[in-house]
Amino acid sequence: MVSAAGLSQRVAHLSPSATLSISAMAKAMQAEGLDVCSLSAGEPDFDTPDHIRAAAIHALQEGKTRYGPTAGIPALRRAVAEKLQQENGLPFRPEQVMISNGGKQTLFNLAMVLLDPGDEVILPAPFWVSYPEMVTLAGAKVVRVQTEEARGFKLTPEQLRQALTPRSKLLILNSPANPTGAVYSRQELAALAEVILSVPGLYVVCDEIYEKLVYGEARHISLGSLSPELFQRTILSSGFAKAYAMTGWRVGYLAGPQPIIDAAITLQSHSTSNVCTFAQYGALEALTSPLSAAAVEKMRREFSRRRDLMLQGIRSLPAMTCPQPDGAFYVFVNICQTGLSSVEFCQRLLQDQQVAAVPGVAFGVDHCIRLSYATDRATLEKGLQRLEAFVHSL
Ligand code: GLU
């Protein structure tokens, strides 16, 4: 059936990104002068470190303003490959790396080059809002697997086994996870790996964009580093936005088996061409400068303190529970005792207390809400006080 506006069937059921639209709504309300506490944005409130900004300015001044290679500037592809080898134990060659406009475009490209109608993609819920839409746009089928709060919202090998069919093509694994902050341990990954390797032709895309933001005892492990067999099945998606506070720069990367990366580069050559050339020089600086480690660590420590503050605040509230997030910068809070749906809860919270949060239904779980702690401590404290007042008013 043709829609009244003549739109394609492909977009007929496509909804706007909830994370982006709620953050935009909060910003618009703030611009009108309303005192909104935005706990919705998945965006660090820090500025990009100075040395990274200086590198991009220098690139601009040097005239790095022209088209570049579709796959990314060679120096950046090399630096990414080196980083993946050294930090993550993933022996990718530079040719196996493609630079895209943020992690989001890497995943979109991947869906387009890997998935056919009828293919099934296993998606542990809660999930990041854009995964199912990308899979559906590629014509493939999303197979949701509900993870349990009691297990820290992590996929278990049994759940994975049960979700498999002869059409299973791809598993999406996001660790540290958005929206739950779950971080898979080496043992948990090894247990999943056994199941993955028992299915010929099943790929895993590891979205590791939050890898640098882990707290306490948690360590980030790349699934593909566990064995050479697993490495062959692994596609890695990441970017600079979260660790280096570079959300607006739009620089991400995809690394994987050569035929997949080659196809993704061909696809990108017909869509966005190359990533903004001087932004890539900033990203190169982020990866190669000795100044970066301290800058990232400073932000990570602050996120860690905010996480503790947030967790303490949430856990002191009646009617709310959440597992401890070990990474990223979100808490995924169970609100089922309030009797409200996640949309009702967030709408009323915004209306009554001017606190912006993202309804869990956007992440596939309607009895939870996502709160981001990528904002200053004063806002978090105010947000928690208002949340408390809201819960007491119910
Ligand atoms: N990934 C961030 C979030 O979940 C940024 C917005 C988006 O791209 O979804 O809030």
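Atoms within each ligand, like the ligands themselves, are counted from 1 in listed order.
Taking a cut-off of under 4.0 Å to the non-hydrogen atoms of N178, the atoms of ligand 1 that pass are 1 (N), 3 (C), 4 (O). Residue Y330 approaches ligand 1 through these ligand atoms, each under 4.0 Å from one of its heavy atoms: 2 (C), 3 (C), 4 (O), 10 (O).
Proximity annotation for atom 1 (N) of ligand 1: of K104, K242, R370, E43, K242 comes nearest, heavy atoms only.
Residue contacts with ligand 1, taken as heavy atom pairs separated by less than 4.0 Å, involve L20 solely via side-chain atoms from C-beta onward. Contact annotation: for F329 versus ligand 1, there are no heavy atoms closer than 4.0 Å. Neither the backbone nor the side chain of T247 has any atom closer than 4.0 Å to an atom of ligand 1 (non-hydrogen atoms only).
Polar contact check, A41 against ligand 1: no nitrogen or oxygen pair lies under 3.5 Å apart.
Among all non-hydrogen protein atoms, the one lying nearest atom 9 (O) of ligand 1 is T19 OG1, 2.6 Å.
Under the 6.0 Å cut-off for aromatic ring centres, F46 and Y244 do not qualify, their centroids lying 6.0 Å or more apart.
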Distance-only check: which donor-acceptor pairs under 3.5 Å involve side-chain atoms of residues 61-75, not counting sequence neighbours?
{"residue": "E62", "atom": "OE1", "partner": "K64", "partner atom": "NZ", "Å": "3.4"}
{"residue": "T65", "atom": "OG1", "partner": "G63", "partner atom": "O", "Å": "3.4"}

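Applying the ring-ring contact (aromatic ring centres under 6.0 Å, His included) criterion to Y210, with sequence neighbours excluded, gives F329, Y330.
Of the charged side-chain nitrogens involved, none lies within less than 4.0 Å of a carboxylate oxygen, so that D116 and R167 do not count as a salt-bridged pair.
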- Can you list the steps and then say if Y131 with F108 is a ring pair (Phe, Tyr, Trp, His ring centres under 6.0 Å)? CA-CA 9 Å; Y131 296 141; F108 190 87; over 10 Å; no
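When each of V135, L164, T165 is paired with E120, the side chain to side chain contact (heavy atoms under 4.5 Å, CB included) condition holds for T165 and for no other.
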